[in-house]
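Residue numbers start at 1 and run along the sequence shown. Keep in mind it's a predicted model, so treat the numbers as computed, not measured.
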Amino acid sequence: EALSFGLPMIVLNHGGPQSTVDDSVAVKLNVSTPEALVVDLASQITSLSLDRKRREEMAYKALEYCKTNYLWESKVQNFSHTMMNWMIEK
């Protein structure tokens, strides 16, 4: 949902969310200790809030990433392309 609004994401580099986005649209935080995670999260929020150019680049890429990977039209197109390639290989 954040991507569809052009919002950069901050996700844990652990579990589901980190595997659904790449580094162009998300900051991935490593998980070591709860205390370190809080410090890293605060640091990345501050960093993004102070770096307008980075935020704008990530916002543009987030919208493009969402269009390419999450809209139904692109999902159907990607699936069709995959199936066509599979049938050609058989």
Side-chain angles (χ1 to χ4, degrees):
E1 293 168 353
L3 296 175
S4 69
F5 286 96
L7 297 173
M9 296 177 63
I10 299 176
V11 300
L12 299 182
N13 197 13
H14 178 77
Q18 60 88 23
S19 65
T20 62
V21 293
D22 64 30
D23 294 337
S24 70
V25 300
V27 175
K28 297 179 182 181
L29 301 178
N30 290 321
V31 178
S32 56
T33 66
E35 295 80 13
L37 182 59
V38 169
V39 170
D40 290 345
L41 180 59
S43 173
Q44 288 303 322
I45 290 171
T46 301
S47 175
L48 278 173
S49 70
L50 297 175
D51 191 341
R52 181 179 183 160
K53 182 179 178 191
R54 181 178 178 211
R55 246 186 0 261
E56 288 175 351
E57 288 173 359
M58 289 179 80
Y60 174 78
K61 289 177 182 176
L63 289 170
E64 291 302 310
Y65 192 87
C66 186
K67 288 177 190 174
T68 303
N69 296 290
Y70 297 119
L71 295 180
W72 278 109
E73 183 178 324
S74 60
K75 286 180 179 257
V76 169
Q77 186 175 19
N78 289 339
F79 179 75
S80 296
H81 181 71
T82 300
M83 291 305 294
M84 290 299 290
N85 285 338
W86 178 76
M87 289 187 332
I88 290 169
E89 291 174 5
K90 293 289 176 182

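The heavy-atom pair separating Met58 from Ala26 by the smallest distance is CE-N, 3.5 Å. The minimum heavy-atom distance linking Val21 with Met9 is given by the pair CG1-SD, 3.9 Å. For the pair Leu3 and Tyr65, the tightest heavy-atom approach, listed with the atom from each and the gap, is CD1-CD2, 3.7 Å. Taking both residues in full, the closest heavy atoms of Arg55 and Ser49 are given as NH1-O, 2.8 Å, listed atom of the first, atom of the second, then distance. Closest non-hydrogen pair, Gly6 versus Ala59, comes out as O-CB, 3.0 Å.
At least one side-chain heavy atom of Arg54 sits less than 4.5 Å from a side-chain heavy atom of Val27. For the pair Asn30 and Asp40, the minimum side-chain heavy-atom distance is 4.5 Å or more. Within the 4.5 Å cutoff, the side chain of Leu48 has heavy atoms near those of the Ile10 side chain. Contact check for Pro34 versus Val38: no side-chain heavy atoms found under the 4.5 Å cut-off.
Interatomic distance, CG of Leu63 versus CG of Leu7, reported as 8.5 Å (0.5 Å rounding). Here the straight-line distance linking atom CG of Asn85 with atom CE of Met83 works out to 10.5 Å at 0.5 Å rounding. Atom NE2 in His81 sits 9.0 Å away from atom CD in Gln77 (nearest 0.5 Å). For the atom pair OG1 (Thr68) and NZ (Lys61), the distance works out to 13.0 Å, reported to the nearest 0.5 Å.
The main-chain N or O of Val39 is never found under 3.5 Å from a side-chain atom of Ser43 such that the two would form a donor-acceptor pair.
In summary, Glu64 and Lys67 engage in a salt bridge, as defined by a charged side-chain N under 4.0 Å from a carboxylate O. Between Glu56 and Arg52, at least one side-chain nitrogen of the basic residue sits less than 4.0 Å from a carboxylate oxygen of the acidic one, meeting the salt-bridge criterion.
Hydrophobic clustering of Ile, Leu, Val, Met, Phe, Trp and Tyr side chains at less than 4.5 Å, counting indirect connections, keeps Val11 apart from Leu41.
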_Between Leu12 and Leu37, is the side chain to side chain contact (heavy atoms under 4.5 Å, CB included) condition met? List the steps._
CA-CA 9 Å; Leu12 299 182; Leu37 182 59; 3.4 Å; yes
